[in-house]
2 protein chains.
Amino acid sequence: MMQLDKIVSYHKALADPTRMRMLILLSEGELTGLALAGKLCISPATVTHHAAKLRAVSLVNERREKNAIYFSLNHYFLQAYASAMSQLINQRASEEPNENEPMDEKNERLKQSVLKNFMTAEGKLKHIPSQLKKKRIVLEYLAEKLEPGKSYTEKEINRFIEQFHPDYATIRREFIMHAYLFREQEIYERNPREMWEKWETLS
Amino acid sequence: MMQLDKIVSYHKALADPTRMRMLILLSEGELTGLALAGKLCISPATVTHHAAKLRAVSLVNERREKNAIYFSLNHYFLQAYASAMSQLINQRASEEPNENEPMDEKNERLKQSVLKNFMTAEGKLKHIPSQLKKKRIVLEYLAEKLEPGKSYTEKEINRFIEQFHPDYATIRREFIMHAYLFREQEIYERNPREMWEKWETLS
DNA sequence: TAGCTAATTAGATATATATTAAATTAAATC
DNA sequence: GATTTAATTTAATATATATCTAATTAGCTA
């Protein structure tokens with residue numbers, strides 16, 4: 001369960017018109033600090049200030065080229081956090097105190113049982129688990145078979161998923177909703193594993 | 001297109017730990033101002049202050065009973081606003097200057113052509129349009145056939161959708177994502193038409 | 001190395017807002 | 001009508017933060 005503070009910080013980051021305009025500008029492509037300052041009519045120092053807040057909640061990425069720094073949107077988190085809050089509010093009831101068994105062992109056991117239950121002997125997916133935790137196990141298992149860093153067209157993704165289940169549209173959407181897959185324009189890419197894990201800590 | 005200010009105000013409303021805790025408390029049911037003050041360890045005046053902010057962005061409802069006021073969550077907006085921002089940022093590119101033709105005529109013409117293109121002669125849905133505007137037309141057309149105010153189980157919703165398309169899971173999700181349908185616990189309900197329209201103005 | 005450009009940091013200021021106590025209003029009950 | 005309970009408003013205060021200028025740091029290039 002994501003901490004209150006993180007959700008609040010996230011909303012604080014978005015609770016400022018200048019930062020929101022920054023994000024909108026960045027949605028059209030990366031920009032340097034100076035360029036942002038120019039377009040927003042603010043000083044470079046102010047850009048740094050806001051960039052720090054956005055970075056703190058992983059909403060922007062930065063890369064250095066020569067002595068300029070290019071800012072860009074982190075699409076993962078833009079989508080991921082958005083639903084984290086509704087989860088916080090809608091899914092409270094399902095919280096349970098944890099038992100004595102070590103977490104890692106318990107997770108591994110669950111993972112094996114879920115894969116056994118939801119995958120056929122031929123390696124096809126029977127159906128998508130409805131419980132979030134189980135769903136993530138299945139999605140992760142499938143996503144692992146995608147090559148990290150490689151770009152896929154939508155068709156390629158569909159064909160990939162079809163190997164396991166006919167309803168590729170739903171599963172593709174689940175991949176994106178749960179941050180296993182990332183879509184930019186018409187191109188899909190597997191998110192790095194650390195993103196999967198970061199996302200999980202949010203929910 | 002939703003105004004920047006509204007999105008910012010919405011995030012401001014959620015950018016405070018006390019208000020977030022209020023929402024979490026209210027997610028378990030309605031409470032009076034005094035009850036909230038007690039549970040949150042703050043003065044009644046502070047509750048009023050925060051309630052005003054949450055009300056300003058339609059996140060809470062109020063009802064009077066005797067001389068107490070009961071606050072409750074507005075689930076519609078909790079879900080609706082959340083994705084409005086990603087839309088703001090992801091769909092900018094598709095904006096176009098509008099032509100001379102009156103808006104209403106244009107919309108009606110689009111609606112007819114979309115329904116003709118995506119529905120079979122037998123009244124089944126061929127597939128879900130990928131363009132947002134067209135998708136909304138199809139979803140609205142289907143949602144109109146649900147009875148407002150009536151509660152449906154998930155199974156009933158599935159059977160309803162299956163009349164039109166086998167992939168009820170996807171369509172059910174789309175209904176919820178686009179605020180045509182509202183889920184509380186395991187029960188589904190059609191949102192009132194005004195909610196559909198309010199939601200559309202957000203995107 | 002010196003000089004240039006971009007970005008950050010530090011310090012200062014002004015605005016916004018979260019909070020409370022006290023006064024006031026609203027509704028219900030005696 | 002007087003009293004009680006709940007909520008709001010008002011006024012005051014303290015904290016947070018958005019912004020700028022000026023000084024500093026980081027990296028490039030002549």
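From a predicted model like this one, the values you see are computed outputs, not experimental measurements. A note on names: the letters A, B, ... follow the listed sequences, proteins ahead of strands, and every chain is numbered from 1.
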A.B. asks: Using atom CG of A/L54 as one end and atom P of D/dT17 as the other, report the distance to the nearest whole Å.
C.D. replies: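 In whole Å, D/dT17 P and A/L54 CG are 14 Å from each other.
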
A.B. asks: D/dA7 P sits how many Å from B/H50 NE2, rounded?
C.D. replies: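 Going from B/H50 (NE2) to D/dA7 (P), I get 16 Å.
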
A.B. asks: With B/E147, which residues qualify under salt bridge (Lys or Arg N to Asp or Glu O under 4.0 Å), at least two apart?
C.D. replies: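 In terms of salt bridge (Lys or Arg N to Asp or Glu O under 4.0 Å), with neighbours along the sequence ignored, B/E147 is linked to no residue.
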
A.B. asks: Starting from the 5' end of DNA chain D, give me the residue, B/T48 or A/R19, whose nearest nucleotide shows up first.
C.D. replies: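 Comparing both residues, the 5'-ward one is B/T48.
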
A.B. asks: Listed by chain and number, what are the side-chain contact (heavy atoms from CB on, under 4.5 Å) partners of B/E62, not counting sequence neighbours?
C.D. replies: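 side-chain contact (heavy atoms from CB on, under 4.5 Å) list for B/E62, sorted by chain: B/R55, B/I69, B/F71.
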
A.B. asks: Can you pull the salt bridge (Lys or Arg N to Asp or Glu O under 4.0 Å) pairs that have at least one residue in residues 36-52 of chain A, sequence neighbours excluded?
C.D. replies: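 Passing the test, one end in residues 36-52 of chain A: no pairs.
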
A.B. asks: Tell me whether the guanidinium CZ or amine NZ of B/K155 lies under 6.0 angstrom from the six-membered ring centre of B/Y152 and within 45° of its axis.
C.D. replies: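 Ring-cation test returns no.
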
A.B. asks: List for me each residue that meets side-chain contact (heavy atoms from CB on, under 4.5 Å) alongside B/S9, sequence neighbours excluded, and say none if there are none.
C.D. replies: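 Partners of B/S9 by the side-chain contact (heavy atoms from CB on, under 4.5 Å) criterion, ordered by chain and then number, come out as B/V57.
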
A.B. asks: Under the salt bridge (Lys or Arg N to Asp or Glu O under 4.0 Å) rule, collect the residues that match up with B/K53, sequence neighbours excluded.
C.D. replies: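 Applying salt bridge (Lys or Arg N to Asp or Glu O under 4.0 Å) to B/K53 gives none.
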
A.B. asks: How would you list, by chain and number, every residue that makes a side-chain contact (heavy atoms from CB on, under 4.5 Å) with B/T48, sequence neighbours excluded?
C.D. replies: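 So B/T48 forms no side-chain contact (heavy atoms from CB on, under 4.5 Å) with any residue.
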
A.B. asks: Check side-chain contact (heavy atoms from CB on, under 4.5 Å) between A/A35 and all other residues, then give those that pass, not counting sequence neighbours.
C.D. replies: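 Listed in chain order: A/L31, A/T32.
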
A.B. asks: Please list, in numerical order, the residues of residues 62-72 of chain B that have a heavy atom closer than 4.0 Å to any atom of DNA chain C.
C.D. replies: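 Contacting residues: B/R64, B/K66, B/N67.
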
A.B. asks: Does B/K134 have any salt bridge (Lys or Arg N to Asp or Glu O under 4.0 Å) partners at least two apart in sequence or in another chain, and if so, which?
C.D. replies: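 Partners of B/K134 under the salt bridge (Lys or Arg N to Asp or Glu O under 4.0 Å) test: none.
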
A.B. asks: Rounded to whole Å, how long is the line connecting atom NE2 of B/H49 with atom P of D/dA11?
C.D. replies: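 Those two atoms, NE2 and P, are 17 Å apart.
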
A.B. asks: Quick one: salt bridge (Lys or Arg N to Asp or Glu O under 4.0 Å) pairs with a partner in residues 63-74 of chain A, sequence neighbours left out?
C.D. replies: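 Salt bridge (Lys or Arg N to Asp or Glu O under 4.0 Å) check on residues 63-74 of chain A returns A/E30-A/R63, A/R63-A/E65.
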
A.B. asks: Need two values: the first and the last nucleotide of DNA chain C, 5' to 3', having an atom under 4.0 Å from any heavy-atom of chain B.
C.D. replies: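 Listing 5' to 3', DNA chain C meets chain B from C/dT17 to C/dT29.
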
A.B. asks: Below 4.0 angstrom, which residues in residues 35-47 of chain B have at least one non-hydrogen atom near DNA chain C?
C.D. replies: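 Of all residues in residues 35-47 of chain B, the ones placing a heavy atom under 4.0 Å from DNA chain C are B/I42, B/S43, B/A45, B/T46.
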
